Novice: 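Attaching a single structure in structure tokens format; questions to follow.
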Amino acid sequence: MVSGSGICAKTVVVDARHHMLGRLASVIAKELLNGQKVVVVRCEEICMSGGLVRQKMKYMRFLRKRMNTKPSHGPIHFRAPAKIFWRTLRGMIPHKTKRGAAALARLRAYEGVPNEFAKKKRMVIPDALKVLRLQKGHKYCLLGRLSSEVGWNQYDTITELENKRKEIAKVAYERKKQLIKLKLKAEKVAEEKLGNQLDILSPVKY
């Protein structure tokens, strides 16, 4: 991520699983304003402090806020977890200015992990992790669960796709471990065969 005023040209992929909604949004908002491109995956597993019933009641109160004469003019009530996160983050950015609009354009948020990012390294943000920020014993709920309660219909689909992705990733990881083991074995055999010649070859670096 961005440190100080230095900007990393590479896009950072953040795994939002078990991060607190507001804390995650505030950290990423700052990074976006500093010029960092950020992709947030697994938005359905973001945590919100407070139980599911409480959060659902709050969302229902939010649904009642609308324009009386023409509701399509807003406010718009997003149901998908990625869009709820996007809207939360938008409130932390001056999105009506050019700088804010450009910052918001640098954000991409997804439910699950798309194939494009399945093999990329995913980061976590310690300042926003539930295990470090939410006190022990306090209630919380997942954003995906809340979304499914208020009208998001893709919860089961995303869960199924995520299970498939995890199975494929598990097979790939086991294969990688085997290859590393074989490589170490081959290196050991080569060292035994070379013997004293290793002292001659060691100064030569490729």
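Treat the numbers as computed from the prediction; the structure is a model and nothing was measured. Reckoned from all heavy atoms, side chains included, excluding hydrogens, waters and symmetry mates.
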Novice: Hey, quick one: are L33 and I28 part of the same hydrophobic cluster, counting side-chain heavy atoms closer than 4.5 Å, chains of contacts allowed?
Specialist: yes

Novice: Can you measure from CG (L21) to CD1 (I84) and round to the nearest 0.5 angstrom?
Specialist: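 So the gap between those two atoms works out to 8.5 Å.
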
Novice: Take atom NZ of K130 as the centre, draw a 6.0 Å sphere, and report whether it contains more than 12 heavy atoms from other residues, nucleotides or ligands.
Specialist: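 Enclosed: over 12 neighbouring heavy atoms sit under 6.0 Å from NZ of K130.
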
Novice: Do R122 and V14 pass the side-chain contact (heavy atoms from CB on, under 4.5 Å) test, and can you show the C-alpha distance, the side-chain angles, and the key distance before you say yes or no?
Specialist: CA-CA 5 Å; R122 297 191 288 276; V14 176; over 6 Å; no

Novice: When rounded to the nearest 0.5 angstrom, what is the spacing between OG1 in T11 and NZ in K120?
Specialist: 6.5 Å

Novice: Apply side-chain contact (heavy atoms from CB on, under 4.5 Å) to the pair L24 and F85, showing each step before the final yes or no.
Specialist: CA-CA 9 Å; L24 177 66; F85 173 75; 3.8 Å; yes

Novice: Taking all heavy atoms of G144 and all of Y155, pick out the closest pair and write down the distance.
Specialist: O-CD1, 3.6 Å

Novice: Among residues at least two apart in sequence or on other chains, which ones pass ring pair (Phe, Tyr, Trp, His ring centres under 6.0 Å) with H77?
Specialist: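 Checked H77 against ring pair (Phe, Tyr, Trp, His ring centres under 6.0 Å); matches are F62.
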
Novice: Donor-acceptor pair, distance only, cut-off 3.5 Å: does the side chain of R79 make one with the backbone of V150?
Specialist: yes

Novice: Has M60 got more than 12 heavy atoms of other residues, nucleotides or ligands less than 6.0 Å from its CE?
Specialist: yes

Novice: Test: salt bridge (Lys or Arg N to Asp or Glu O under 4.0 Å). Region: residues 87-112. Which pairs qualify, not counting sequence neighbours?
Specialist: R108-E116

Novice: Indicate yes or no: at least one non-hydrogen side-chain atom of Y140 is less than 4.5 angstrom from one of H138.
Specialist: no

Novice: To the nearest 0.5 angstrom, please state how far the CG atom of L104 sits from the CG atom of L89.
Specialist: 6.5 Å

Novice: Could you grab the distance from atom CG of L129 to atom CG of L134, nearest 0.5 Å is fine?
Specialist: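 Answer rounded to 0.5 Å: 11.5 Å.
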
Novice: Less than 4.0 Å between a side-chain N and a carboxylate O, is that true for K164 and E167?
Specialist: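 Salt bridge: no.
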
Novice: Look up atom NE2 in H19 and atom CG in L132, then write down how far apart they are to the nearest 0.5 Å.
Specialist: 9.5 Å

Novice: Let me check something: do I125 and M20 share a hydrophobic cluster, defined by ILVMFWY side-chain heavy atoms less than 4.5 Å apart, either directly or through other members?
Specialist: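 No, it is not one cluster - the side chains of I125 and M20 are not joined through contacts under 4.5 Å.
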
Novice: Is the closest side-chain heavy-atom distance between Q36 and V12 below 4.5 Å?
Specialist: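 Answer yes - side chains close enough.
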
Novice: Is there a path from L161 to F117 through hydrophobic residues (I, L, V, M, F, W, Y) whose side chains come within less than 4.5 Å of each other?
Specialist: no

Novice: With the 4.5 Å side-chain cut-off for hydrophobic clustering, are Y59 and I76 part of the same group?
Specialist: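 Result: yes, single cluster for both.
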
Novice: Evaluate the criterion side-chain contact (heavy atoms from CB on, under 4.5 Å) for residue pair I180 and K176; output intermediate values, then yes/no.
Specialist: CA-CA 6 Å; I180 290 167; K176 187 180 177 182; 4.2 Å; yes

Novice: Does a sphere of radius 6.0 Å around CZ in R133 hold more than 12 heavy atoms from other residues, nucleotides or ligands, not counting ones at 6.0 Å or beyond?
Specialist: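 For R133, atom CZ is crowded (more than 12 foreign heavy atoms under 6.0 Å).
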
Novice: Please report the closest heavy-atom contact between P75 and R66, naming both atoms and the distance.
Specialist: CD-CA, 3.7 Å

Novice: Which label fits W86 and F78: parallel for a plane angle under 30°, tilted from 30 to 60°, or perpendicular past 60°?
Specialist: perpendicular

Novice: Starting from the C-alpha separation in whole Å, work towards a yes-or-no answer on side-chain contact (heavy atoms from CB on, under 4.5 Å) for V113 and E162.
Specialist: CA-CA 7 Å; V113 183; E162 275 295 283; 4.0 Å; yes

Novice: Name each donor-acceptor pair under 3.5 Å that joins a side chain in residues 38-56 to protein atoms two or more places apart or in another chain, with its distance.
Specialist:
| from | atom 1 | to | atom 2 | distance (Å) |
| --- | --- | --- | --- | --- |
| R42 | NE | D15 | OD1 | 3.0 |
| R42 | NE | D15 | OD2 | 3.4 |
| R42 | NH2 | D15 | OD2 | 2.7 |
| E44 | OE1 | G112 | N | 2.8 |
| E45 | OE1 | R17 | NE | 3.2 |
| Q55 | NE2 | S49 | O | 2.6 |
| K56 | NZ | E149 | OE1 | 3.2 |

Novice: Give a yes or no on whether N163 atom CG has more than 12 heavy-atom contacts from other residues, nucleotides or ligands under 6.0 Å away.
Specialist: yes

Novice: Can you see which heavy atom on P81 is nearest to which on L143, and at what distance?
Specialist: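 The answer is O-CD2, 3.5 Å.
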
Novice: How many angstroms lie between atom NZ of K30 and atom CD1 of I93, to the nearest 0.5 angstrom?
Specialist: 10.5 Å

Novice: Can L107 be reached from Y110 by stepping across I, L, V, M, F, W or Y side chains whose heavy atoms are under 4.5 Å apart?
Specialist: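 Hydrophobic grouping puts Y110 apart from L107.
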
Novice: For atom NZ of K166, decide whether the heavy atoms of other residues, nucleotides or ligands shown that lie under 6.0 angstrom number more than 12.
Specialist: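 Enclosed: over 12 neighbouring heavy atoms sit under 6.0 Å from NZ of K166.
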
Novice: What is the minimum heavy-atom distance between P94 and T97, and which atoms define it?
Specialist: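 Answer, listing the atom of P94 first, then T97: O-OG1, 2.7 Å.
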
